[in-house]
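I'd like to ask you about the structure that follows.
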Amino acid sequence: MTITVFVILGIGSLLLFNWLMGYKKGNITIDFEERYFNQKEYVEAIKNKLENEGKEVYYKGNSRFKIDGKNYLLIERNVSMGGAPLQRTILKLEK
């Protein structure tokens, strides 16, 4: 019984972590080693990264992007990886 509970909790924790980190079909995740505090510079860095990957990117304002004809919402997460802070960018596909 207790083993089943631990297995279910472990799977639930893994699913929650994946959801928080933006690992979902259709989402775009970008990790920046440099931290951006200025929103304008942050948006430009995202646009440059995606354009270098061959995507057509347009910033609509209010944390919304149009990438290759699809609408995305910008979600920013700060993650500690190995003790060093990492700025994770999640572009969530809007339906």
- [ ] State the CG-OH distance between L50 and Y58, to the nearest 0.5 angstrom.
- [x] 16.0 Å

Task: Heavy atoms from other residues, nucleotides or ligands near NZ of K60 exceed 12 (cutoff 6.0 Å) - done: yes

- [ ] Calculate, to the nearest 0.5 Å, the distance between atoms OG1 and CZ belonging to T29 and R88 respectively.
- [x]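 Output value for this atom pair is 5.5 Å.
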
Open item on the list: Quick check for you: to the nearest 0.5 Å, what is the distance between E53 atom CD and I30 atom CD1?
Closed with: 6.5 Å

Open item on the list: How close do Y42 and T89 get, counting heavy atoms only, and between which atoms?
Closed with: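 Smallest heavy-atom distance, with atoms named: OH-OG1, 2.6 Å.
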
- [ ] Check whether the ring centres of Y59 and F65 lie less than 6.0 Å apart, and answer yes or no.
- [x]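 Yes; F65 has its ring centre under 6.0 Å from that of Y59.
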
Task: Carboxylate-amine/guanidinium contact K55 E51, below 4.0 Å - done: no

Open item on the list: For Y36, is there any backbone N or O sitting under 3.5 Å from a side-chain donor or acceptor partner on Q87?
Closed with: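 Here the side-chain-to-backbone pair exists.
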
Task: Approximate separation, where rounding is to 0.5 Å, of D68 CG and I28 CD1 - done: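 Answer for the CG-CD1 pair, D68 versus I28, is 7.5 Å.
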
- [ ] Please answer whether the main-chain N or O of L93 pairs with a side-chain N or O of N27 as donor and acceptor at a distance below 3.5 Å.
- [x] yes

Open item on the list: Rounded to the nearest 0.5 Å, what separates atom CD1 in I67 from atom NZ in K47?
Closed with: 11.0 Å

Open item on the list: Under a 4.0 Å threshold between the charged nitrogen and the carboxylate oxygen, would E94 count as salt-bridged to R64?
Closed with: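 Here R64 pairs with E94 in a salt bridge, since their nearest N and O are under 4.0 Å apart.
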
- [ ] May I ask you to test the E76-S63 pair for a side-chain heavy-atom distance under 4.5 Å?
- [x]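 A side-chain contact is absent here, since even the closest heavy-atom pair is not under 4.5 Å.
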
Open item on the list: Would you say that more than 12 heavy atoms from the other residues, nucleotides or ligands in this model lie under 6.0 Å from the CD of E56, or not?
Closed with: no

Open item on the list: When you compare the side chain of L74 with that of Y72, does any pair of heavy atoms fall below 4.5 Å?
Closed with: no

